[in-house]
Each structure stands twice: as C-alpha cells, then as structure tokens.
Amino acid sequence: MSRIRRIILCAVAFLVLSGVVVPCLHAESALGMIRKRGYLLWGVDVEGGAPYAFPDPRDPSKLIGFEVDLAGAIARELGVEVRPVQNAWDSLIPALERGDFEIAMNGIEITPQRESRVLFSRPYYIYTEQLVVRKEEAAITDFGKLKGKRVGTLSGTAAQTMLEKIGGVEVRIYSGQVEPYEDLATGRIDAVLLDLPIAAYYARPNPKLRYAGEPVGEGFYGIAVRKGDGEFRDRINAILGTLMQSGELKRIYEKWELWDKTQERLLKQNTSPDGYVGLEESRKAPLYTFLPALLKGAAVTVIISTASMALAVVLGLALALSRIFGGAPVRSVAAAYIEAYRGTPLLIQLFILYYGLPNIGISLSPLTAAVLGLGMNYAAYEAEIYRAGIEAVPRGQMEAALSLGMGRSLALRRVVLPQGFKIALPAITNDFIALFKDSSLVSIIAMVELAKTYSILAVSTLRFFELGLVVALLYFAMSYPLSLLARRLEDRLKGAGK
Amino acid sequence: MITVKDLHKSYGELRLFKGIDLVVRKGEVVVCIGPSGSGKSTLLRCINGLEFFQQGEIDIGGIELHSINRVRPSRADDETLRKVRRKVGMVFQHFNLFPHMTVLENIAEAPVRVLGLSGKEAEERARALLRRINLEEKVRRYPSELSGGEQQRAAIARALAMRPEAMLFDEPTSSLDPEMVGEVLAVMKGLAQEGMTMLIATHEMDFAREAADRVVVFDRGEIVEIDTPERIFTRPRAERTKLFLSRVLRR
C-alpha cells in the first residue's frame, strides 16, 4: 500500500517537475528555442564596459564594443537577432545558470572553477594582464615589484588571483573598471592590474597614467553556455571558427585596436584550453577555511558602522538642537540638510563623496569616505529621532529647570536631553542596526567589508549559497547582541523613574 | 518685595491683562483666588519670567523684569532673568519633578549646578529640608515611586533648596487626590509661619482664609478686589467676588 502510494507520489512529483520546472530549465535545446524565438539573449555588464560592450557616447541608447560586434556576427550566423541582457559582471555565471540568458560573453576568463559550472566555447580572445601606474611612478617597473603596494583590480578576475598569489600585495577589489584607474590617478592606490583591453581603453588615453612593463599572464576569454547545452556550444565553436577563417574576427579586433600577434594563436586554439591552476581547491575547501577572510571583513564592518554611528550621533544632535532652538537661519540650514540627506539615495551620496570630490581636488581615503558618507546620511535620521524625543519631554520640565535658576543650555543638558534620549532609544537602536546593514553599501567605494568579502569569495568559488548563509549568520551574530544591549539599557532607564 | 504695575499681557489677539497692579511686601502671604482662566497662574508665570508681557512693570527686590529684552535677549538679559528666578522659587501644579533623578538628586541638582555648592553641602541641605517635611526616608526614591502629595512636598523642598526670598505657588494642590491636599497645605502653612514671602494661586478657600494676609480676587484678567481674608469671605464688596464665592462655597 505504502509502496504504491510512494510510486504515485513519485509519478506526481515527476509530472509536476517536468511540467513546471523543466521548461524553465530548457527542456528544449537552447538552439531550438533561440531559433523558434528569433533572438538570442546575451548576458553582459555594460556598466563601465568599454571596450567590450558599452553605451555609445554619441547615442547612449545603442551599445557598441568588440563583443557587441562579435555577438552580432554570431547571431547572424545563427540566423537570429541578439538581445543584450544587462547583468552585474560578478554574477553573470549564476544568472546564466538561472536561465536569464543563453550565453554569457563579457571578458569571462576560462578557469577550471567556472568550467565546473558552465560550458565554455573555444577562446575568442587571448588576454594578457597589463600593469598600469602613475606617470611619475619610479619604484614599480613591472609585475615583480608589487610587494607591499596597493594594487587595484576587478572582483573575481584572473588578475585578482595573480595578485593574491604573489603574497604581500595589498589587493584592492573594485566592481567597475573605471574606478580603479580613477583611484590610481588620485593616488589612493599605487598600481592597477587588469586585462589589456581594459587598460588600452581606460588607462592609455589618461595622461596621468602609463603602462609598467610588458603584459603578463595569459588566458582565454570564452563564451559561457549552460551545462547541457553542448550542442549549442559546438555550434558556437563552429561559428567562431568560421569568423576566424574568414578574417571577420580580425577585422573586429582591428577596429577596436585589439589585434596583436598573440591573437594569431586563436586559430590553433580550437578547443577549450586547460586553464592555469585556479582556485579549484578552494571550491572544495571546507567552509572554515574562509572564516579568517570573513572575520576580517566583519571587523571592517564593525569599525565602519561604529565610527559612522558616532559621527551620526554627534552631528544628529547638533542638527536637532539647531532645528529646535536655533535662530531662523540656523533652523532652515538644519532643515535643509535633513531634507537633502533623507531625500537622496545613500548610494549616490557615497559616489559623489568618493568619486565626485576628486574632481574638485578633494580626495578622501575609502575609509574616510565610507564613515563620512554613512555618518552624514544617518545624522539626518538621528536628528529627526532626537527632535521627536526632545519634543516629547513635557514643557514643564524645562520650566521647572529654568525656575530653579538654570540656564537654557544647562537645563537642556541635565533635564531635557536625558529624558528625550530615553524616549528616543528604541528608535536609535533601530537606526543603528539599519546603519550596520547599510554599511554593506560602502563596498562600491572599494571598502572590502563583510558583504564585499562575501561577494569576492562567492564569485571566485561560486559557492553563493553556503557562504551566503555563513555571512548572514555573521551579520545576525553582530546585530542581535546590539538589540539585547539596547533592551537592557532601556530596562535600566525604565528603572530610573517613569 | 514684588511690585507689579500696570501689567498688560495678551496672547495674539486675545488680551488677558489690561493693567494689573499688585504689591507683595516682605514676609507677606498673598493668596490669589478666582475662576479658572482668570489670570492667576499667568501672573505668577510673568513674575517668574516664564511668560513675557507686552507692557507694564514688574520689580522683584530691585530687579526690573520689564527692562529685559525678551525677543533678543543679550547675555546680561539672560543673567538678570536667572537672578530673578534665584530670588523667587516656584512650585507647579504638576510638580514637574525630574523623573530621571532621585528625590535627593532633584533637590541637589540646582544648588550644585547653579549655586556651585559641593555635592556634600547640597546633600546636607537637601536632607535637612526633607527632614522638615517628613520625607527623609524617600531620598533615594524616584518621583514615580512617590505619592502625589509626597511629590509636591519634594518639589517644594527643591525650590527651597535654592534659599529663595519669595515663593510662588501655582495651584499646588489642584492635581492632588483630596486626601493628599492636607499634607501639602501643612508644609505651606509652616513656611508662612516662618515668615516666607509667598504668592499663591489656589482654589483652596479654607487655606486662603486661614493662612493669607491678603486675598486677591481675579476675574477675567482683572483684579476685582484685594482685602484681608476676613473681609473677603464675610463682607465682599464687589459683585463678582460674591458671585464667585457663592459658587465655590456652595460645593
């Protein structure tokens, strides 16, 4: 009986799975579906994506770049159109697996750990890594002189792995290609190691920067398709072969000034190559091996949140007092500050603070910018919380203090503020926990805190799930004691009279 | 001690005082009675500088409140205001004890912070006052742990700790349960007997009759009549006094 039931259950489950889940996971071959649909979905990150794929400066509604040309050629050979799908570079592979698009092609290096998740086409470009320094730099002449230096690169790239292998290099991880060169020009870092096409487009035209030494390392960009789309991959390989034979690929690369002697080897490289030794071990490594890196990230998170909260508390109090007790001009300045900071996204404020200020000659370190950005933003919220707290203290309290001969500021400090603080405490705690989690936003200005550490580790090992759980747990382990502490403080204050 | 001359006060369009005159001599106990909203409390708050007035003069032991610029006070103006408040203590209808401080801290706070007494001196002063009003065992308690009557007595002690020359009482028993009114009035009577200059706004007619040197009858922002309690309560001259007394005494 139970056995029959189990069989029925399995059958139903199978039907449900095949009926609901499998179509999303491409029951049909990708090739067939693309043909039927008439277009190919291509996962790409166009943000700072030159010369790969980026919005045409003359007509930003149009994408240009050598990969745009290549994707166009491939689609043409397939007899369909191509539609780019914007996706953060870090997560192109997971998005491909999820089924957001059929191919991911965006300077994705062929590495063993990626090959364990997706299928790669034959290489379409042989990349090298180019070291870039400031014009006046004398000490860093080539790749071998990087020990003890601050070197920027992109998250999850082969360059990152190379830098980490040297040891003793302070690697700064960015998620866009423009920012590392910006930071190099303003002196926040000492060098940038990135794929040659990136350097050619972003660094070569910059008069403040220059190449240091010959390109190093060598690897292949491949087009990623889902495991199971082997037939589709073979078709792409055939198309790439045709494009190489016909010289069309060369013409595309020449157009983008990317053709060099190295690329001639592409023809011979007609199978997916053996990558250099990658992070294969780390993919299988037990979770605790990541703990030191994660704890270091957590420490940075704690430092940033505590420092910015301290700033928010002090600045917020000043704002609240100005708003309640200040003269008309002071009052309106405080109100304007609060409205401006509450009414604009923190992300934009951080961008302006870190990447915008250097335009007018002010260059802040990542930590300073992070603390200032978060602190100044949260000060606006704190100010309103304090104002509510202070205004909730009965007027009679101030009057009683004044009638005893106290001055206004003494009365405020000794009588009104302590009571206002007690009223505001739950909201302050709430705000601090929110700030604590918002601190993950500062990863966009090259601060490697906990969230950034997670994305770096997850991108290079592709273990988004387990690492994600560990990181979430770490965040919770840090914020929950804060709630407990606040609750205890509240209870203690409650003991101190109504 | 306290001289009020031709006091005018209005709230926007609403004119409350249209010229009030009142003199409180040293050691005198003056009780203000009259319907709610007739201006008793406002007069007290003007004398303490908590409210400001548009016209007229208030002189407190030689300090002129009317010369203070209340719109844009200078440092000297603030100082004058603090001097006035050090001369006259104030007791409020809702006690206004500081809830985050113990009874002792409530009383010692201003002597330490304003007069510059040492913590020890202030504590001795506070304990002596609390002994006098029978509240010494509550020194370490918070206001929320005290009954209303105890809170108001502590508030009186807090004002007295500044050693004021005069005391203002703004309806000190109005928010108390009836059984607690007596203990507060007893403390006030004791103060009166010791010769404290007092100006009291109250609805306690018996207290006015027994403790006042003079009674001031307020009605709609005007002083209707000033006289000894005996005459006010037995032979009032003004119609409005009679009307008010007939209303409150019938109860």
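Throughout, protein chains are lettered first and strands after them, A, B, ... in sequence-line order, and every chain is numbered starting at 1.
For chain B, no part of A:A411 is nearby; none of its heavy atoms comes within less than 4.5 Å. For chain A, the nearby part of B:R45 is the side chain; its heavy atoms alone come within less than 4.5 Å. Proximity to chain A is limited to the backbone of B:V88, based on heavy atoms less than 4.5 angstrom apart. Contact of A:L410 with chain B is made through the side chain alone, with heavy-atom distances under 4.5 Å. If you measure heavy-atom distances from B:L115 to chain A, you find no contacts under 4.5 Å at all. Residue contact with chain A, scored on non-hydrogen atoms closer than 4.5 Å, involves the backbone and the side chain of B:F98 alike.
Within 6.0 Å of CZ on A:F325 lie more than 12 heavy atoms contributed by other residues, nucleotides or ligands. Counting heavy atoms of neighbouring residues, nucleotides and ligands inside a 6.0 Å radius, atom CZ of A:R342 exceeds 12 of them. Within 6.0 Å of the NZ atom in A:K296, the count of heavy atoms belonging to other residues, nucleotides or ligands does not exceed 12. Enclosure of atom CZ in B:R86 by more than 12 non-hydrogen atoms of other residues, nucleotides or ligands within 6.0 angstrom is indicated.
One finds the CZ atom of B:R82 at 9.5 Å from the CG atom of A:L402 (value rounded to the nearest 0.5 Å). Taking CD of B:E105 as the reference point, atom CZ of A:R414 lies at 8.0 Å (rounded to 0.5 Å). B:N96 contributes atom CG, which lies 12.5 Å from atom CE of A:M398 (distance to the nearest 0.5 angstrom). Between atom CD of residue A:E399 and atom CZ of residue B:R85 there is a gap of 9.0 Å, rounded to the nearest 0.5 Å.
Looking only at side-chain heavy atoms (C-beta outward), B:P99 and A:Q397 come within less than 4.5 Å of each other.
Here B:R113 is the residue among B:M162, B:K87, B:M90, B:R113 with the most heavy-atom pairs under 4.5 Å with chain A. Among B:A110, B:G49, B:G89, the residue making the largest number of heavy-atom pairs under 4.5 Å with chain A is B:A110. Your options are B:L97, B:T102, B:D78, B:L168, and the one with the most heavy-atom pairs under 4.5 Å with chain A is B:L97.
Minimum interatomic distance between A:S403 and B:N48 (heavy atoms only, all atoms of both residues): CB-OD1, 3.5 Å.
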Could you walk me through whether B:E109 and A:M406 satisfy the side chain to side chain contact (heavy atoms under 4.5 Å, CB included) test, starting with their C-alpha distance in whole Å, then the side-chain angles of each, then the deciding distance to 0.1 Å, before giving a yes or no?
CA-CA 10 Å; B:E109 178 71 14; A:M406 293 190 190; 3.3 Å; yes
